[in-house]
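Quick notes on the structure that follows.
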Number of protein chains: 2
Amino acid sequence: MLKIPPHQVAGHQAGNGKLGPLVDESGRFYKPLQGDERGSNELKFYTSFSSNSRILEHISKFFPTFYGTQLIEASDGSGLKPHLVLEDLSVGRVNPSIVDIKIGSRTWAPEASEEYIQKCLKKDRETSSLPLGFRLSGIQIYGNRESGYWKPERTSMQNLPAEEVKLILKKFVSSNTSTDMDLQPDCAFAATVYGGSTGILSQLLEMKAWFEDQTMYHFYSCSILIMFEKGLALEGQNPGGQIKLIDFAHVIEGRGVIDHNFLGGLCSLIKFISEILTDPNEHKSLVSSVNGVN
Amino acid sequence: MLKIPPHQVAGHQAGNGKLGPLVDESGRFYKPLQGDERGSNELKFYTSFSSNSRILEHISKFFPTFYGTQLIEASDGSGLKPHLVLEDLSVGRVNPSIVDIKIGSRTWAPEASEEYIQKCLKKDRETSSLPLGFRLSGIQIYGNRESGYWKPERTSMQNLPAEEVKLILKKFVSSNTSTDMDLQPDCAFAATVYGGSTGILSQLLEMKAWFEDQTMYHFYSCSILIMFEKGLALEGQNPGGQIKLIDFAHVIEGRGVIDHNFLGGLCSLIKFISEILTDPNEHKSLVSSVNGVN
């Protein structure tokens, strides 16, 4: 029985007769193969990557498992359509907090069409991509059973200045409920979600080490998903913080050069997360000292 | 007594009635202040950087010392003109091999004028900047007393593919004379120039660590100079490998974000140098194995 994924925060979404991904109960995620070269390109990437013997487990774990392609009934009622069959990344999660971050100050490959380049360049300049090296593409933050999720409009997330992006990344690991998201975030779970030997920062650093070295693929317009379970954090358990790379419609061959565009953006994100870990209350203390003076 | 710098490999050059930098015998380098905002911007950077107490010696050593400004007779005979007074980086060097590498896949700041952005973007796309994250802006490689320097046309260096850039960076540390630059480079000095605890790679890694952290400045269109003395290498002495950052007319404030554009390009350059150190003879061994098969 196929259904609409309950925790998708960005990308094309099924529902209301639209074409989008579906999930089943066995933990598989069905992504419609886009009809143009994006579809064939993403399939080419998954096929290459999943059979690449140079990709070891400590890196492949950051990518959705690929199970091939399958013809299934498309979500828009248009009949049987080819879909990529992937791992459903939200399996086993109850109320996941998720942020989708598109990495890289440039979302276009040098050999893309002129029209596509101009479209992407315009968007990169209008959003946080150019100044920050990444942009927030979508987010949902679990509050509690009563308040549910805080899930702001996706477009409102894309062009925030550095300080507001940092605030969002603080809210992401705070105990605030979704109804008091305008309060100062307490960063109550920063240490357990972002920190620690298996936390988000450690995973990002492991990914960074690979990007400093690998010259096989360049990942344009690709996102890092960061996920964890606030319910577990509230109970003092390991919140299951995890990063995954998704969206490979614009991956090209690296041809002996590292992906300096992705790596730069990744390092910028790492700096944001590091600063939150080092000084979770920088604003609070600023506020208190100003109040103290007054 | 002011004279034209003998070892300049890129940038505006004095001579033939043109405006360019001059040097004196006390080790100072006089760079004409460009009349437009580039001049005032570079002066602003040197003034800020040289008085910035957060810049420690292990980083400031990568920058030319700044001695203020001075009115001197311009090289084009146009009379007294304001010049930046900087450290002459070639002082004490006899026959330096030098390469000037412009870092970053993007040489323009987000807030530059539309005309300037389009000009830079065009050049970044036409040169190695976009694919490699840096481009070679100029080079001189010392051969020996008879052959002198190999100093190819600057424009011929800017748009080379990855394999040819690697070849040039191999030639840079080879014992070949300037007259046999078309031979296979032997990488005779790779270990002593690029390698070792005080070599070029170590210095680049030290600079990288700073760029992963600092959010004060963004260095657009800035170059790394790599210099060493082949004469010393030939005598088995320390060749004095050194890197310096130069050209700060397009530096802007970092505003709390790392310079992901510079950092990405720097990491790409580091990967090139690392590969040469790890496997200086990759092509030779390829050639021998092919010959062996035949």
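Residue numbering restarts at 1 for every chain, and letters A, B, ... go by the order of the sequence lines.
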For this session: Scan residues 110-122 of chain B for pairs that pass salt bridge (charged side-chain N to carboxylate O under 4.0 Å, His left out), counting only residues two or more places apart or in two chains.
Result: A/R125-B/E114, B/E111-B/R255, B/K122-B/E126
Problem set entry | Winner by heavy-atom pair count (cut-off under 4.5 Å) against chain A, out of B/G256, B/A162, B/P131 | B/P131
Problem set entry | Residue list, side chain to side chain contact (heavy atoms under 4.5 Å, CB included) with B/T278, at least two apart or on another chain | none
For this session: Determine the option with the most heavy-atom pairs under 4.5 angstrom with chain B, choosing from A/E275, A/R106, A/H218.
Result: A/R106
Problem set entry | Proximity of residues 257-271 of chain B to chain A, residues having a non-hydrogen atom under 4.5 angstrom | B/V257, B/I258, B/H260, B/L263, B/G264, B/G265, B/C267, B/S268, B/K271
Exercise. Is the count of non-hydrogen atoms from other residues, nucleotides or ligands lying under 6.0 Å from A/K44 atom NZ greater than 12?
Worked result: no
For this session: Give every residue pair that meets the salt bridge (charged side-chain N to carboxylate O under 4.0 Å, His left out) criterion with at least one member in residues 187-199 of chain B, sequence neighbours excluded.
Result: none
Problem set entry | A/Q118, CD atom: more than 12 neighbouring heavy atoms under 6.0 Å | yes
Exercise. Do other residues, nucleotides or ligands put more than 12 heavy atoms under 6.0 Å from A/E206 CD?
Worked result: yes
Exercise. Checking heavy atoms, do the side chain of A/T215, its backbone, both or neither come under 4.5 Å from chain B?
Worked result: side chain
